[in-house]
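For reference, the structure discussed in these notes is given below.
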Amino acid sequence: MKSIVLASGNPGKKAEIERLLAAFGTRVVTQSELGITEAEEPHDSFRENALAKARHVCFAARLPALADDSGLCVDALGGAPGVKSAYYAGTAGSRAERDARNNEKLLLELKNENNRRAHYVCALVLMRGPGDARPLVAESEWHGEIAREPRGSGGFGYDPLFYLKELDKTAAELDPEHKNRISHRGRALARLLELLKREP
């Protein structure tokens, strides 16, 4: 595929997907760059929301569409923020402002909690065209824990708080190439590409 529309306006996601697809020479354009409105995400699962976003963008752009629905699930919060990760602390403000509020809220919720286990989830859906009755779906998880204070300036979302004990780093302290090899999104995309390779 020479071009693909990413069902997102998140510049962080676009940068990660572009790096992961660079070897294939695929041009990535976001739905916001094409003036396509965001899809409703009413579902309780990452997979269903990713499917809804992929269909919405694919029909609007008439081009192959890749949708990513991902989020952070914290054990002590019963899996929250989950599918509500992007708007955990509200919808107002820029993405950077929302990220900062989300991180503040998460730290507050876990203030007196010793169980810091958490994992990222990513569901990726590729629709090859508006008539694609069997879109490709790949999912992955990335396990870690929530740090007691933010560290690092890379990544986006909850990355400054997502601590990887075996590396003694947060996701925001990893260089992009390392993160893409081990992250939920990187592994989900690797699985998706494997599915594509197997197609006749």
Side-chain angles (χ1 to χ4, degrees), residues 6-20 30 32 38 41 43-50 53 66-124 138-190:
L6 180 62
S8 173
N10 184 327
K13 281 188 182 182
K14 182 186 178 184
E16 285 191 1
I17 296 290
E18 278 182 325
R19 285 191 194 98
L20 291 162
T30 64
S32 55
E38 290 195 7
E41 298 178 46
H43 304 291
D44 294 325
S45 79
F46 294 104
R47 175 187 284 245
E48 287 177 301
N49 281 330
K53 290 195 282 190
L66 179 67
D68 160 304
D69 199 56
S70 51
L72 181 72
C73 302
V74 180
D75 288 13
L77 301 178
V83 295
K84 307 295 185 188
S85 291
Y87 302 108
Y88 188 42
T91 60
S94 68
R95 190 165 296 275
E97 290 168 337
R98 292 199 307 268
D99 284 352
R101 284 202 315 272
N102 288 340
N103 282 300
E104 287 171 14
K105 180 176 179 178
L106 183 60
L107 285 177
L108 190 61
E109 295 276 355
L110 294 175
K111 186 177 180 182
N112 300 312
E113 181 57 63
N114 289 322
N115 176 8
R116 316 291 289 192
R117 288 192 302 273
H119 62 278
Y120 271 126
V121 176
C122 175
L124 280 178
E139 297 172 278
S140 190
E141 295 182 359
W142 191 19
H143 291 260
E145 54 191 71
I146 304 303
R148 295 193 178 269
E149 60 183 18
R151 281 172 33 185
S153 58
F156 60 95
Y158 298 92
D159 286 355
L161 292 178
F162 191 70
Y163 178 69
L164 304 156
K165 193 172 183 178
E166 67 278 12
L167 300 175
D168 189 28
K169 288 183 177 180
T170 67
E173 293 177 299
L174 300 177
D175 67 70
E177 288 73 23
H178 189 184
K179 182 186 176 189
N180 284 340
R181 283 197 305 274
I182 65 175
S183 75
H184 54 311
R185 189 170 294 108
R187 289 194 295 229
L189 188 57

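Basis for what follows: all heavy atoms, side chains included, without hydrogens, waters or symmetry-related copies.
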Where do Gly93 and Glu97 come nearest, in terms of heavy atoms and distance? CA-OE1, 3.1 Å
Flag, side chain of Lys53 to backbone of Asp68, donor-acceptor distance under 3.5 Å: yes
Can you pull out every salt bridge (Lys or Arg N to Asp or Glu O under 4.0 Å) where at least one residue sits in residues 153-162? Sequence neighbours excluded, please. Asp159-Lys179
Please report the shortest heavy-atom distance between Leu72 and Ala118, naming the atom on each side. CD1-CB, 4.1 Å
Between Glu145 and Lys165, does any NZ, NE, NH1 or NH2 come within less than 4.0 Å of an OD or OE carboxylate oxygen? no
Just how far is it from atom CD of Glu141 to atom SG of Cys73, taken to the nearest 0.5 Å? 7.5 Å
Are any of the side-chain heavy atoms of Phe156 and Arg95 separated by less than 4.5 Å? no
Minimum heavy-atom distance Ser140-Ala188, with the two atoms named: CB-N, 3.8 Å
One should read off an interatomic distance between Asn49 CG and His43 NE2, to the nearest 0.5 angstrom, of 6.0 Å
Is any side-chain heavy atom of Cys122 closer than 4.5 Å to a side-chain heavy atom of Glu139? no
Nearest-0.5 Å distance, OG1 of residue Thr30 to CG of residue Leu66: 12.5 Å
May I ask you to test the Leu161-Thr170 pair for a side-chain heavy-atom distance under 4.5 Å? no
How about CG on Asp44, more than 12 heavy atoms from neighbouring residues, nucleotides or ligands closer than 6.0 Å, or not? no
What are the two closest heavy atoms between Arg101 and Ala92, and how far apart are they? NH2-O, 2.7 Å
Heavy-atom side-chain proximity of Asp69 to Val121 below 4.5 angstrom: no
Side chains of Asn115 and Leu110, heavy atoms from C-beta outward: is any pair under 4.5 Å? no
Side chain to side chain donor-acceptor pair (under 3.5 Å) assessment of Arg185 paired with Ser70: CA-CA 8 Å; Arg185 189 170 294 108; Ser70 51; 2.9 Å; yes
Between Leu107 and Pro150, is any pair of side-chain heavy atoms under 4.5 Å apart? yes
Among all residues two or more places apart in sequence or in another chain, which pass the side-chain hydrogen bond (donor to acceptor under 3.5 Å, both in side chains) test with Glu38? none
CD1 of Ile146 to OH of Tyr158: how many Å apart, nearest 0.5 Å? 9.0 Å
Which residue pairs pass the salt bridge (Lys or Arg N to Asp or Glu O under 4.0 Å) test when at least one of the two sits in residues 108-120, sequence neighbours left out? Asp75-Arg117
Which residues pass the ring-ring contact (aromatic ring centres under 6.0 Å, His included) test with Phe162, sequence neighbours left out? Tyr120, Trp142
Supply the atom-to-atom distance Leu167 CG to Glu173 CD, rounded to the nearest 0.5 angstrom. 10.0 Å
Per the ring pair (Phe, Tyr, Trp, His ring centres under 6.0 Å) rule, what does the pair list look like for residues 66-107, sequence neighbours excluded? none
Kindly check if the number of other-residue, nucleotide or ligand heavy atoms within 6.0 Å of NZ (Lys169) is above 12? no
Could you state the interatomic distance from CD (Glu149) to CG (Asn103), rounded to the nearest 0.5 Å? 12.5 Å
Heavy atoms of Pro160 and Gly157 approach each other most closely as CD-O, 3.5 Å
According to side chain to side chain contact (heavy atoms under 4.5 Å, CB included), who are the partners of Lys84, at least two apart in sequence or on a separate chain? none
Is a side-chain N or O of Glu16 found less than 3.5 angstrom from the main chain of Lys13, in a donor-acceptor match? no
Any side-chain heavy-atom pair from Ile182 and His178 closer than 4.5 angstrom? yes
